[in-house]
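What you are looking at is a predicted structure, and each value in this text was computed from that prediction instead of being measured. Counting convention: from 1, in listed order, for ligands and their atoms alike. This chain uses plain numbering: 1 for the first residue, then up along the sequence. Just so it is clear, the values below take in all heavy atoms, side chains as well, and ignore hydrogens, waters and symmetry mates.
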Amino acid sequence: MILLLLLFSLVVPTTEDGSASVSLEGHRVDVTWKADYEQQTVLIHYEAAALNEAKWWLFGFSDHGEFNVSDHCLFEVETKQLWDGFVNSRYEMSRDRQQDCYLESVTNTSFTFRRKFVTCDPKDYAIEIGTNQLIIACSSAHTTNFSSPAITAQIAYGLLIVAPADEAIPREPDQIMIHVHADKAKVPADVTTYWCVIQKLPAAVLKRKHHVTWLWSNITKGNEHLVHHMMVFHCDSGEQQEFTGNCNDPKKPKQAKACSKVIGAISMGEGPVLYPSEVGLPIGGAGYNPYVMVEIHYNNPPRLAGQIDSSGFDIVVTPHLRPHDAGIMEIGVIYGDANSIPPHQPAFEMTGYCTADCTEKFPEEGINIFYSQMHGHLWFKKLWNSLYRNGVKILEFNRDNHYSPHWQHILKMEPMLNVRRGDVMATTCVADTRKSSNVILGGYGINDEMCISYLYYYPATDIEMCKSAVSNETLHRFFAHKGVKDGSLNIAQKYNAVQWDNENVRDLTELFATAPLNQHCYRLDGSTFEGHPTNWSRIEHPHLTYGAYDKNRAGEECQALNS
Ligand SMILES: *[C@@H]1O[C@H](CO)[C@@H](O)[C@H](O)[C@H]1NC(C)=O
Ligand SMILES: *[C@@H]1O[C@H](CO)[C@@H](O)[C@H](O)[C@H]1NC(C)=O
Ligand SMILES: *[C@@H]1O[C@H](CO)[C@@H](O)[C@H](O)[C@H]1NC(C)=O
Ligand SMILES: *[C@@H]1O[C@H](CO)[C@@H](O)[C@H](O)[C@H]1NC(C)=O
Ligand SMILES: *[C@@H]1O[C@H](CO)[C@@H](O)[C@H](O)[C@H]1NC(C)=O
Ligand SMILES: *[C@@H]1O[C@H](CO)[C@@H](O)[C@H](O)[C@H]1NC(C)=O
């Protein structure tokens, strides 16, 4: 329980270039890391004024943020030696038979060392693309018991294998920086608060169409722990008015419901989004509803009172239109309870499709994806997208095997990914519900689940959303087959009425893998494509095959802790 709390309360924001500043028992430590692709290593640097006051310092790797069954490099202050070690399931620390941490330099306040991405030692973690959950710890005693109170540890998130991107603010003539920020918001002493800022765009932007070229969540210095994520929406319709306050405030204008078209979404620790030079996201101009809304999710587990925040989005727009309009598309599983997850499952997976029926509506040259971002809540641990052409899986993109809702990285696609008409995109999410004795329903709440990927792409299409779930009709037949026949029950109640033993879980898995799909292929205004030859609520499950290739590390030959 304590460890779980630690994970949720002491999450440390890190930055894109690989650094984290943490306070361990009042000792400030700055950790930076840098990937070396040629050598296939990472260089890790610890800087702490109080370096010599601790007995040891540790840099660890953990699959999903647990301290037990984790890997580390440990620096012993007295001997100035570095050890490659392991924490077992009983929280006992030991040294590995094979040593893979290489000390490079030591000063009175710092040490620097190197670690290979992949060591092929089954007690070492193999550093992967996507999120890597890192442990930063120190100890005031010579202990090998990771539960000892002498040890202070925090989880940080890092991306070790992603080419560093230069995402500096563009400097173009006539560009305008729009700030949509909270105005000294008094953050309530509640764990979760959503704060809304509805603001009119500057007059110049409304006069003519502009392009968004850069977008960044500008977090008030010192509040990095408090701002969990932020979204900025366009208010598509309605007579809007300016507002700033709690999103649940009854005084918030009702028409703000129309503020739902995503312009940007940025999570803790994230860098800016820089549009490619030939692309911009349209904003402003005649007939454009003049209002945007920023929604800030404050995460305040210790329920501290009196915190003041002025975070928000800074958005650079240019009147010099670029050749292509960008769009943001949501793929994955439809929000809702049709695809839900049985309790006590170590790895239950589901996939949402963007089927050929919908991608047939893409422009002739297809779309080019330049950023993608995965989104799930507390139960999904692994998320990735796949692309199929002619039914054959040709690649995966944005695989994250160590996903955390606290670190929803926006991955720059280099090179850009071209998706053609008739291709199928799939978003797969794997849930661990061993700690839940209830069905985890699909839905909006933090305890419900979502399996979503946002794609930033060009040229803009009519399609805002391309998601699927199992068809309702098939699902109701499945429940009837399981003896849940009461027609007055809704889907959630039916899920809860089933006894989720192994056989029923297996049957649900089969249903999700093969049943017809309810496909949302929605336009920007939420309308469907009428006159389509097939029925959107009953699209045939895509027939997909797999090529005889494997781009992943061969788990059996080159073992790792995360195998
Ligand atoms: C880590 O410890 C927790 C609680 O102490 C336990 O539930 C969990 O199974 C352990 N994890 C592993 C991988 O042993
Ligand atoms: C490091 O600390 C030792 C002992 O406190 C001291 O003698 C030495 O001068 C220090 N070295 C540097 C470079 O500060
Ligand atoms: C490790 O430390 C914890 C907390 O002090 C204690 O409960 C546990 O018994 C210790 N384990 C061992 C093997 O000493
Ligand atoms: C971030 O916000 C502060 C005020 O909240 C502002 O002074 C600063 O210029 C902003 N930074 C950028 C890069 O826009
Ligand atoms: C589509 O299929 C659903 C379920 O089979 C059915 O209820 C609905 O009437 C169909 N719609 C059309 C337009 O055929
Ligand atoms: C399927 O059921 C959900 C309720 O879980 C409902 O919101 C949705 O409209 C239904 N979809 C169709 C196409 O019938």
Side-chain angles (χ1 to χ4, degrees), residues 1-10 25 55-56 58 60-72 74 85-95 122-126 133 135 137-153 155 334 336 338-339 343-347 355 357-358 378-379 381-382 401-404 430-437 468-481 487 490-491 494 511 514-522 527-541 559-563:
M1 193 57 212
I2 288 166
L3 292 176
L4 191 74
L5 275 177
L6 268 178
L7 171 61
F8 287 113
S9 58
L10 295 178
E25 286 290 304
K55 295 293 184 229
W56 54 249
L58 174 150
F61 300 94
S62 163
D63 226 353
H64 293 291
E66 310 85 6
F67 297 136
N68 48 346
V69 194
S70 67
D71 170 36
H72 60 251
L74 183 148
F86 181 72
V87 181
N88 71 12
S89 57
R90 293 185 299 274
Y91 296 88
E92 295 158 353
M93 304 170 70
S94 60
R95 290 176 187 169
K123 282 191 176 172
D124 283 346
Y125 174 96
Q133 300 207 15
I135 302 167
C138 71
S139 179
S140 59
H142 282 297
T143 178
T144 55
N145 175 355
F146 210 89
S147 297
S148 158
I151 298 178
T152 317
I155 293 290
I334 294 172
N339 284 47
H344 303 304
Q345 300 307 306
T355 61
D357 283 88
C358 197
L378 302 176
W379 307 94
K381 302 296 177 196
K382 297 186 182 185
N401 284 343
H402 309 280
Y403 176 80
S404 161
V430 184
D432 175 355
T433 62
R434 281 176 298 182
K435 291 199 176 111
S436 177
S437 39
S468 79
V470 58
S471 100
N472 284 359
E473 194 195 12
T474 315
L475 188 59
H476 284 294
R477 274 211 306 273
F478 170 84
F479 286 129
H481 186 68
N490 62 26
I491 290 177
K494 288 186 177 180
L511 187 82
T514 58
L517 301 175
N518 180 15
Q519 173 83 64
H520 281 185
C521 180
Y522 285 175
S527 66
T528 55
F529 290 85
E530 295 296 335
H532 186 76
T534 53
N535 181 338
W536 288 117
S537 69
R538 243 198 105 73
I539 297 272
E540 201 183 338
H541 199 98
Q559 294 186 41
L561 187 56
N562 41 320
S563 284

Is the closest heavy atom of Phe67 to ligand 1 under 4.0 Å?
-> no

Distance in Å, His476 NE2 paired with Ser471 OG, rounded so as to fall on 0.5 Å steps = 9.0 Å

Give the ring-plane orientation class for Phe61 versus Tyr125, where under 30° counts as parallel, over 60° as perpendicular and anything between as tilted.
-> parallel

Indicate yes or no for a side-chain donor-acceptor contact from Trp536 to the backbone of Asp357 under 3.5 Å, with no hydrogens or angles considered.
-> no

Is there a donor-acceptor pair closer than 3.5 Å between any side-chain N or O of Gln519 and the backbone N or O of Thr355?
-> yes

N/O to N/O under 3.5 Å, ligand 5 against protein:
residue	atom	partner	partner atom	Å
ligand 5	2 (O)	Asn535	ND2	2.3
ligand 5	2 (O)	Ser537	OG	3.3
ligand 5	5 (O)	Glu473	OE1	3.0
ligand 5	5 (O)	Glu473	OE2	3.4
ligand 5	11 (N)	Asn535	ND2	2.9
ligand 5	14 (O)	Asn535	ND2	3.3

Which of the atoms in ligand 1, numbered in the order shown and given with their element, are less than 4.0 Å from a heavy-atom of Asn68?
-> 1 (C), 2 (O), 3 (C), 8 (C), 10 (C), 11 (N), 12 (C), 14 (O)

Is the closest N or O pair between Asn145 and ligand 3 shorter than 3.5 Å?
-> yes

Short side-chain donor-acceptor distance under 3.5 Å, Ser404 and His402 = no

Pro149 heavy atoms within 4.0 Å reach ligand 3 at atoms 5 (O)

Inter-residue atom distance His344.NE2 - Thr433.OG1, 0.5 Å rounding = 7.5 Å

Name the orientation class of the two ring planes belonging to Tyr522 and His520 (parallel below 30°, tilted from 30 to 60°, perpendicular beyond 60°).
-> parallel

Look up atom CG in Asn401 and atom NE2 in His64, then write down how far apart they are to the nearest 0.5 Å.
-> 7.5 Å

